[in-house]
Amino acid sequence: MVATLAKRFGDLDIAEDAAAEAFATAIERWPVDGIPPNPGAWLTTTATRKAIDRMRRESTRDAKHREAELVYGRVDDSGAEPLGAIDDDRLRLIFICCHPALAMEARVALTLRMVGGLSVPEIARAFLVQDTTMGARITRAKAKISAAGIPFRVPSAEDLPARLTGVLAVLFLIFNEGYLASAPDTAPVREELTGEAIRLSRMLHQLLPDAGEVTGMLALMLLIDARRSARVSSAGELVPLGDQDRGQWDAAQIAEGHALVRSRLASGIAPGRYQLLAAINAVHTDGDATDWAQVVALYDQLVRLDGSPIVRLNRAIAVGERDGLEAGLALVDDLEPELAGYHAYHAARADLLRRLGRVSTAREAYDTAIGLAGNAAEIAFLTRRRDAVRPS
Amino acid sequence: MQYLVNVIDGRSNSGTAEEMVAIDAFNEKLQAGGHWVFAAGLADPTVSTVIDGRGDEPIFSDGPFVETKEWAAGFWIIEAPDLDVALKLMAEGSKACNRRLELRPVLPEPQ
């Protein structure tokens with residue numbers, strides 16, 4: 001509803017306030033008058049009236065008001081919007097919230113607030129900042145949207161892929177913050193964030209069913225999240241993929257993720273980054289054990305699209321499983337100059353060294369990884385592994 | 001709405017002949033599309049003078065008013081219906097002048 005109102009009035013504040021007022025009116029009147037036959041349409045109509053009232057009050061000369069009266073001056077009581085228009089508005093709202101002219105943290109906050117409908121205190125808690133700080137961040141972002149003239153519009157077909165990449169980056173950041181919470185004093189997996197990221201991705205997938213990378217993102221999140229309950233032990237320790245109890249995985253989510261990956265494969269269109277990551281996770285969740293040759297082949301494709309050191313690290317780990325630990329270690333060691341400050345690099349190296357029986361270098365690598373890691377469950381896991389490394 | 005676009009530079013008098021040709025072509029495109037308001041290159045910041053006329057007697061002093069590693073070497077003022085149009089246009093402008101740009105909305109006239 002906020003999306004529809006924001007489209008109509010070109011102002012997020014007015015839209016939000018009007019929606020809140022409409023809900024308040026409903027709470028007051030429905031118990032007395034009875035629930036209207038079409039509650040959604042009733043709310044939208046009421047909110048539209050409230051918004052027009054507010055703009056009349058605020059400025060009779062305001063251009064927005066003139067426009068609104070011109071177009072929506074007569075508010076139809078039947079009030080129902082065709083579904084297509086509402087979907088369009090929701091899509092516009094996503095693109096405006098994830099606009100590249102906004103700072104990344106503002107995009108995340110705005111998307112959760114405006115599209116996800118989370119409250120300011122909820123978002124503040126999710127990102128461990130004060131309510132007032134988060135409130136100010138959202139207010140500043142909205143002020144920039146209005147002052148800088150960011151349009152409430154779905155990007156043109158030509159600009160859509162680049163803008164969609166930006167939207168997906170926001171959704172993946174929300175998911176990752178939930179999946180591998182970076183602060184040591186929070187729960188290791190925060191379902192309020194992973195759940196919201198999946199919900200938003202699902203919505204985007206419904207709005208843009210032909211966008212392969214959106215499908216890939218939804219599949220990726222489902223396949224990672226399906227392993228959630230097996231991923232942290234009852235002692236609060238991270239459990240690596242190979243040691244997880246596959247019976248604890250969410251079979252329905254895995255099935256849905258696999259179906260999405262298959263639908264992309266069937267399209268015959270070359271997969272993008274998220275589709276490849278989803279395919280890798282589909283291999284990890286297929287059968288009783290990972291087929292590492294397939295994983296390496298997919299990482300080979302991914303490296304061609306994104307040759308970042310983190311992708312090459314994951315490829316190196318997969319090569320280690322396919323071709324032997326020494327081969328993996330050699331590739332991992334090559335990445336030292338680029339990844340020396342990244343905990344997962346040292347954790348991967350420590351694991352290879354431990355399994356190769358190189359006790360003292362393994363312990364050193366675990367120490368470095370523990371020093372750089374932020375996630376409580378990961379630190380617990382690395383510490384136990386380090387303490388278990390003894391000369392045989 | 002109107003946008004001020006500053007050309008970010010860190011060297012003095014660094015423009016090249018090729019860049020000027022590209023900028024001229026870009027400016028013609030702006031004019032043809034109805035986006036052109038004004039544009040100019042600026043002299044080096046060391047040539048600036050600071051004016052303070054707030055007291056009884058105006059004070060003139062050698063600039064720049066703030067020492068920075070980067071400054072505006074020139075600017076455009078363009079007309080565009082919204083930020084997305086402005087960004088797309090000025091991405092070409094950045095390529096033409098071979099510099100990064102900073103875009104800021106010009107405040108609308110109070111109604």
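Numbered from 1 within each chain, the chains take letters A, B, ... in sequence-line order. Both backbone and side-chain heavy atoms feed into the values below; hydrogens, waters and symmetry mates do not.
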Give me the atom names and distance for the closest heavy-atom approach of B:Lys88 to A:Ser156. NZ-OG, 4.4 Å
In the structure I gave you, are the side-chain heavy atoms of A:His99 and B:Leu87 within less than 4.5 Å of one another anywhere? yes
Which region of A:Ala148, side chain (C-beta onward) or backbone (N, CA, C, O), has a non-hydrogen atom less than 4.5 Å from a non-hydrogen atom of chain B, or is it both or neither? both
Where do B:Asp82 and A:Gly149 come nearest, in terms of heavy atoms and distance? CB-O, 3.2 Å
Rounded to the nearest 0.5 Å, the CG atom of B:Asp84 sits from the CZ atom of A:Arg163 at a distance of 5.0 Å
